[in-house]
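Just below is one structure, and these are the notes that go with it.
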Amino acid sequence: MATGSRGRRDRLAAPRRILGSWSLWELPRRGLIGYLLLVDFAAFAATAYLFVLRPPAPSSLLPFSALLGGMILSSELSRPVERSRADTRLGAGLDAAWIFAGALLLPPALAAVLVVASAGYRWCRIRRGIPHRQVFAASATMLSALGASIIPVLLGAPPFADAPRDFESFALVFATGLIFLSVDAALAAPAAEFGAEPSGFAFDAAMVAFGLLLAWSAADWPYVAVVLAGALVVLHRAGTMRALRGHAGTDAGTGLLTASSWLDGARTQFELLRGRGADLSLLMLDLDHFARLNDRHGRHVGDDVLRAVADTLRAEVRAADLVGRFGGEEFVVLLPGTTRFDAHAIAERIRMRISSTFVSLGGTFAGATVSIGVSSHPAGGETLDRLVGAADQAMRAAKGAGRNRTVVFEAES
């Protein structure tokens, strides 16, 4: 008897241990947990209610199957680049186009089921992220699809497939798209605190526009929908790979260009400006006593200081200037159209700004200073490598002279 009771207790305790280990319970505020669970419950309850209130007609199963098949096929073709994406928001991929097409063509409940199918596919085939985030993302998109698909029903408008192709119908579809985007964005905004990553509004709007074209072609000329789906996959793959290549050229810790990416861009700028006879200057910056800062406060504080310096550089230079992280605590800035006198003034402004920047350590603060070397073309050299070497030599002279200062390279006469 005791053994049987213990076995029952173990079987009952197992689900409790699994539920207790969910990362959902580690969120910082109980109110946030309640909000996430409320959105999840509302999405699935509303879908179930609409299934009972407006059961899908058998005729709607064919367009549902076609949209589901097209969505899975296009996502499968884009799976290699989708797996490389940093974000996990459902609306950030191709699926938003197919889901909005479903919101236009399908009964509300089936439009929500399309979202569930999309989320399940992404979980199985693309990426398994933190469960409560992916469930919340799917729930928010379900409510967006429900809101978009139910508007024509509430207004008594004819179904999209039967609606006249006039301005009034276009205005209704346009409003439906805005509702789809706005509901998803509004629901995701409070959840940004736990790391939800809403995609760019412009990209989502483009996917909604593609969804409209898919729905239109599916209703009036189905063969065109196949062409559009292929074009959507090609454009998505090309755009994502371009973004990934751009991301690969940036330093993960600071968001600045990596040394190799900076050199590639700087060589192009250097050859262009040298051919025009334009002024060109370069700054080489090195944090003073950075190893001591890491030893005293820890590497996480050192990383915060590096990010603060990177933010300062971005704020103090122009959009045309090229800023990169050149090493552990070294930074480099290319200043097109800048004389060495102006470059010296810019360097001093940056140096003083960094010296007044502090990173909070609870009750205390950690700061840093920089030594800066300045070189200019042609005095610093006729090639980019020589210009970089001249700035590095000037920066080392600044360190040798006591640090926290700027030295301009002077060619030996």
Side-chain angles (χ1 to χ4, degrees), residues 35-36 38-40 42-43 46-47 50 67 70-71 74-75 78 82 85-119 122 133-155 157 159-160 163 167-193 195-218 228-229 231-232 235-236 239-240 243:
Y35 173 74
L36 302 184
L38 178 62
V39 171
D40 295 343
T47 301
L50 288 171
L67 289 172
M71 180 178 67
S74 62
S75 295
S78 298
E82 280 289 288
R85 293 179 65 95
D87 56 280
T88 57
R89 291 281 295 134
L90 181 61
L94 287 174
D95 296 356
W98 296 96
I99 290 168
F100 184 67
L104 294 177
L105 293 173
L106 301 175
L110 278 185
V113 171
L114 196 64
V115 179
V116 175
S118 168
R122 294 175 72 86
R133 294 188 186 181
Q134 290 191 266
V135 171
F136 173 78
S139 300
T141 308
M142 286 172 68
L143 292 175
S144 302
L146 289 173
S149 61
I150 207 169
I151 291 299
V153 177
L154 296 176
L155 296 178
F160 177 82
F167 180 78
E168 184 177 347
S169 296
F170 171 76
L172 179 59
V173 171
F174 185 81
T176 300
L178 286 180
I179 291 170
F180 180 83
L181 292 168
S182 301
V183 170
D184 191 58
L187 290 173
E193 182 176 336
E197 299 176 0
S199 56
F201 187 86
F203 184 86
D204 285 350
M207 290 297 99
V208 166
F210 249 106
L212 168 59
L213 294 177
L214 286 171
W216 187 6
S217 59
L228 285 173
L232 181 61
L235 290 173
H236 176 67
T240 301

If I compare all heavy atoms of [X] with all of [Y], which pair ends up nearest, and what's the gap?
X: F160; Y: L105; value: CD2-CD2, 3.7 Å
X: L104; Y: T176; value: CD2-CG2, 4.1 Å
X: G211; Y: A101; value: O-CB, 3.4 Å
X: A43; Y: L146; value: O-CD1, 4.2 Å
X: T141; Y: F180; value: CG2-CZ, 4.4 Å
X: L67; Y: G102; value: CD1-CA, 3.5 Å

Given 3.5 Å as the limit, does a donor-acceptor pair link the side chain of S182 with the main chain of I179, or not? no
Does any part of the side chain of [Y], heavy atoms only, come nearer than 4.5 Å to the side chain of [X], both counted from C-beta?
X: F100; Y: L214; result: no
X: D95; Y: S75; result: yes
X: L232; Y: M207; result: yes

In Å and rounded to the nearest 0.5 Å, what is the [atom1] to [atom2] distance from [X] to [Y]?
X: I99; Y: S149; atom1: CD1; atom2: OG; result: 12.0 Å
X: L228; Y: L212; atom1: CG; atom2: CG; result: 10.5 Å
X: S144; Y: L187; atom1: OG; atom2: CG; result: 6.0 Å
X: F170; Y: W216; atom1: CZ; atom2: CH2; result: 9.5 Å

With respect to P108, which candidate in T47, L50, I151 satisfies the side chain to side chain contact (heavy atoms under 4.5 Å, CB included) definition? L50
Take S118 and W98, measure what side chain to side chain donor-acceptor pair (under 3.5 Å) needs, and give me the verdict at the end. CA-CA 9 Å; S118 168; W98 296 96; over 6 Å; no
